[in-house]
Protein chains: 2
Amino acid sequence: MGRDKPRRIIDTYVNLLVDSGVRQATIEAVARRCGLSKAGLLHHYPSRAALDAALLERLRSLVEEDVTVMREAPGGAVRYYLASSLDAESDLERIVVAATRLAQADHSPAGELLRWARDLWYDVLVEQLGDPLLARFVLLAGDGVSYHTDISTPNEQPFITADDIDSFTRVFETLQRSEGDGRQTLA
Amino acid sequence: MGRDKPRRIIDTYVNLLVDSGVRQATIEAVARRCGLSKAGLLHHYPSRAALDAALLERLRSLVEEDVTVMREAPGGAVRYYLASSLDAESDLERIVVAATRLAQADHSPAGELLRWARDLWYDVLVEQLGDPLLARFVLLAGDGVSYHTDISTPNEQPFITADDIDSFTRVFETLQRSEGDGRQTLA
DNA sequence: GTCTATAAACCGATAGAC
DNA sequence: GTCTATCGGTTTATAGAC
């Protein structure tokens, strides 16, 4: 315990990015939260770019892991994706938000990786739903959930609830069935 | 022409926030793009906080204007909201993105204003759809569209197209009708 | 590996001339 | 209104001791 320092540094960097934004997420702030000096941290990651790269590498591995779980999810990929988007405290969701912050700060590798992740999730949804348009619909809803979770505050009552997710999931299931029946609700 | 300098400054600030992020959107960078020195800009807006406040005030007035247009939109509020979300080049959409950047940089007034705007749009949707759950569904889809437009690059083919928006709008219209008929697809 | 000290660049803001 | 010059503070990164 407490031995994997690089890991702890990245986690702290993610937390700072998510909770306080790119401006506050300085090397010194990360170091202080880890009980280190600036130079002490720079020994592990010799530059800010190295810190960013490590964060993205961790995101990459978490996404690959998540996609396999999503593919086998008992309640189906749709429910899994929507519910995941609502869980703002999960490691994956937090690091996705952190990467979004970096992407918005003109950090193009972060944007590329986020689009790569989106395509993976999209492929799983197309696979299970059998309809690209419906898959995009689900993806939009999930990412809308992430956005609203992101701009919400802890003290206000949540705009989207777990019950909502349940309802939306059932709607998508209904839409999928009606597609299969030849009743073209979509397209 | 060229006489409303404060307006030009805010527009430039918005562009920098959207295209390059909070870190690059410095007072000096805004000033340079306006052909001004730092002190020259600070004559119009005496601090960065004043610049932020002016941006938010402009957002507030654009939202109020947009809500009235949305309420009377010929194709309905749903189509209007979804289509607006896809138009990343509109003044409103760009300033919303800019405010999101500020909110994510721990600027709480920006977050408050964004939630206020969300509630206004939400009210119009509830009004027209007669179903809060369906209204939230539309809102999520629209904000998902904004997110994907945001992380996309000019050179890649767009993930969501105008045709998609058209399909989603029709799905929502179908869902609304089936609700009216008592066929509970939702809830 | 971790520290103190410091360099070099940059940012927000002010002073004062024009 | 706009400028140059500058102050005080911050940020990334390096040098060198322990």
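Atoms considered below: every heavy atom in the structure, side chains included; atoms not considered: hydrogens, waters and symmetry mates. The chains referred to below are lettered A, B, ... by the order of the sequence lines, with proteins before strands, and numbering in each begins at 1.
Using a 3.5 Å distance cut-off with no hydrogens or angles, the side chains of A:T153 and A:N155 do pair a donor with an acceptor. The closest side-chain donor-acceptor pair between A:Q24 and A:D19, if any, does not fall under 3.5 angstrom.
Counting to the nearest Å, the P atom of D:dT10 and the CD atom of A:Q24 are 11 Å from each other. Rounding to whole angstrom units, CZ of residue B:R48 and P of C:dC10 are separated by 16 Å. One interatomic measurement links the two molecules: NE2 of B:H107 to P of C:dG12, which rounds to 13 Å at whole-angstrom precision. If you measure from atom CZ of B:R23 to atom P of C:dC10, you get 14 Å, rounded to the nearest angstrom. Atom CD of A:E28 and atom P of D:dT11 are 7 Å apart (whole Å). Residue A:I27 contributes atom CD1, which lies 15 Å from atom C1' of C:dC10 at whole-angstrom precision. Rounded to whole Å, atom C1' of C:dG12 lies 12 Å from atom OH of B:Y13.
The side-chain hydrogen bond (donor to acceptor under 3.5 Å, both in side chains) with A:E93 is formed by just one residue from the set A:S84, A:S85, A:S146; it is A:S146.
Ring-centre distance between A:F137 and B:F137: below the 6.0 Å cut-off.
Residues satisfying the salt bridge (charged side-chain N to carboxylate O under 4.0 Å, His left out) test with B:E112, not counting sequence neighbours, are none.
Only B:G35, B:L36, B:S37, B:A39, B:G40, B:H43, B:H44, listed by number, bring a heavy atom of residues 29-47 of chain B to less than 4.0 angstrom from any atom of DNA chain D.
Minimum interatomic distance between A:A54 and A:Y45 (heavy atoms only, all atoms of both residues): CB-CE2, 3.5 Å.
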